[in-house]
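Right, one structure below, let's go through it.
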Number of protein chains: 2
Amino acid sequence: MKKHKDLLQVLKANNMRITPARRFLLQFILDSKKHAGIKTGQITLKSITRFMEKILPGVNRSSIYRNIEAFKKLDIIQEISLPSGSFFQYVFDCKVHHFYICKSCGKASVGNEKLFNKIEAALKDIHGFAKANLSIVFYGYCSKCGH
Amino acid sequence: MKKHKDLLQVLKANNMRITPARRFLLQFILDSKKHAGIKTGQITLKSITRFMEKILPGVNRSSIYRNIEAFKKLDIIQEISLPSGSFFQYVFDCKVHHFYICKSCGKASVGNEKLFNKIEAALKDIHGFAKANLSIVFYGYCSKCGH
DNA sequence: AGTGCTATTGCAAAATGTTGCAATAAACCC
DNA sequence: GGGTTTATTGCAACATTTTGCAATAGCACT
């Protein structure tokens, strides 16, 4: 797993400057990725702004929004959008292509890679979609929320 | 395909009143569904508010938002969320469970139903997801946007 | 360390969403 | 039509997100 320093290199490589706001934002993102699996409500715009207002009160909201967008473009994080709202995931060294998300509790989990590959192949046959850069999201009700 | 009148019946059946705003909103939704396939940028909150401000200038934003939520609950429309924004689809008489969406141009198309059923079965085996109410969204690049 | 270039920020104003509450008007009965 | 009930609306205040622009501060070069 990549570390803070590696990510700073990514910024530099993309002609982006290292600012206090970016350091802290990166650290926040890295810290949120403590478990192998993906948990609910990890990184949201709300949690980020709450954190930043606490740690770096000087930072303006607009900078946070702009940096989140920038990190998305660099594929440091990935945005998962649901009707109930969006959240972000650290995916720099392990880009996730296949999740399943519970419509009820919002829990997002990484899907089975073998299944993903099979589906990807089937998709390629049937639809006009290129294989590269495909990602799949399943929405359903998890065993806990059942019904 | 259901018509305006049928939808009004749905509202009544759910103890909801017929107001001018709802009439026009329903009509807007029905009008946007002129083709069999699903096209880009059809119904967004922006397009709705623009339309309503033109046709019924008196209607408040909050009423529009609340009615959109209400129509979602009644499964008259379905919300598709993407990092680039959300849009809505009329799905009352043809609820769509399976799409593919181009990450580049945003074009959303209805997926192949046979494939959907196969995937659904595989999912049920592998994940802890209940079969009911499953929906699947594929993100990728369409043949037009390529790569 | 000082200088120059320019990416980034803060700021302010606007756009877009959300919420509680009192006023309004659909719908039903007579 | 007039009266009653209550779902719906408009309003106002607030929260969130977006945008243009001038000021700031990273960074490269000396």
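Below, chains carry the letters A, B, ... as their sequence lines are ordered, and counting in each starts from 1.
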Would you mind reporting whether Phe28(B) and Ile48(B) have side-chain heavy atoms less than 4.5 Å apart? yes

Is there a donor N/O on one and an acceptor N/O on the other, under 3.5 Å, for the side chain of Arg61(B) and the base of dG10(D)? no

Under 4.0 Å, counting only non-hydrogen atoms across every strand here, what does Arg22(B) touch: a base, just sugar-phosphate, or nothing? sugar-phosphate

What is the distance, to the nearest angstrom, from the CG atom on Leu25(A) to the P atom on dT9(C)? 10 Å

For atom OH of Tyr65(A) and atom P of dA15(C), their distance in whole Å: 18 Å

As an exercise, state the distance from CG of Leu25(A) to CD1 of Ile43(A), rounded to the nearest 0.5 Å. 8.5 Å

Could you give the CD1-to-C1' distance, from Ile48(B) to dG17(C), as a whole number of Å? 13 Å

OP1, OP2 of dG10(C) versus side-chain N and O of Ser63(A): anything below 4.0 Å? yes

Measure the OG-CZ distance between Ser81(A) and Phe87(A) for me, rounded to the nearest 0.5 Å. 9.0 Å

When you compare the protein's N or O atoms with those of nucleotides 26-30 of chain D, which come within less than 3.5 Å of each other, and at what distance?
| from | atom 1 | to | atom 2 | distance (Å) |
| --- | --- | --- | --- | --- |
| dG26(D) | N2 | Arg17(A) | NH2 | 2.7 |
| dG26(D) | N3 | Arg17(A) | NH1 | 3.3 |
| dC27(D) | OP1 | Ile18(A) | N | 2.7 |

Stretch residues 49-56 of chain A: residues that reach within less than 4.0 Å of DNA chain C through a heavy atom: none

The side chain of Asn15(B) lies closest to which of these nucleotides: dA7(D), dT16(C), dT9(C)? dA7(D)

Heavy-atom neighbours of Phe51(A) CZ exceed 12 at 6.0 Å: yes

Distance check needed: dG17(C) P versus Asn60(B) CG, whole Å only. 14 Å

Counting only pairs under 3.5 Å, give me each side-chain donor-acceptor contact of residues 13-22 of chain A, with atom names and distances, residues two or more places apart or in other chains.
| from | atom 1 | to | atom 2 | distance (Å) |
| --- | --- | --- | --- | --- |
| Asn14(A) | ND2 | Val10(A) | O | 2.9 |
| Thr19(A) | OG1 | Arg22(A) | N | 3.3 |
| Arg22(A) | NE | Asn67(A) | OD1 | 2.7 |
| Arg22(A) | NH1 | Arg17(A) | O | 2.8 |
| Arg22(A) | NH2 | Asn67(A) | OD1 | 3.2 |

Atom NZ of Lys72(A) to atom C1' of dT17(D): distance rounded to whole Å? 12 Å

Taking all non-hydrogen atoms of both residues into account, name the closest pair between Val59(B) and Ser63(B) and its distance. CG1-CB, 4.1 Å

Here the gap from Gln89(A) atom CD to Ile29(A) atom CD1, rounded to the nearest 0.5 Å, amounts to 11.5 Å

Roughly how many Å is it from CD1 in Ile68(B) to P in dT9(D), rounded to a whole number? 12 Å

Specify the separation, in whole Å, of atom CZ of Arg66(A) and atom C1' of dT24(D). 13 Å

Salt bridge or not between Arg66(B) and Glu69(B)? Use side-chain N to carboxylate O under 4.0 Å. no

dA27(C) P sits how many Å from Gln9(B) CD, rounded? 11 Å

Flag, side chain of Thr49(B) to backbone of Leu45(B), donor-acceptor distance under 3.5 Å: yes

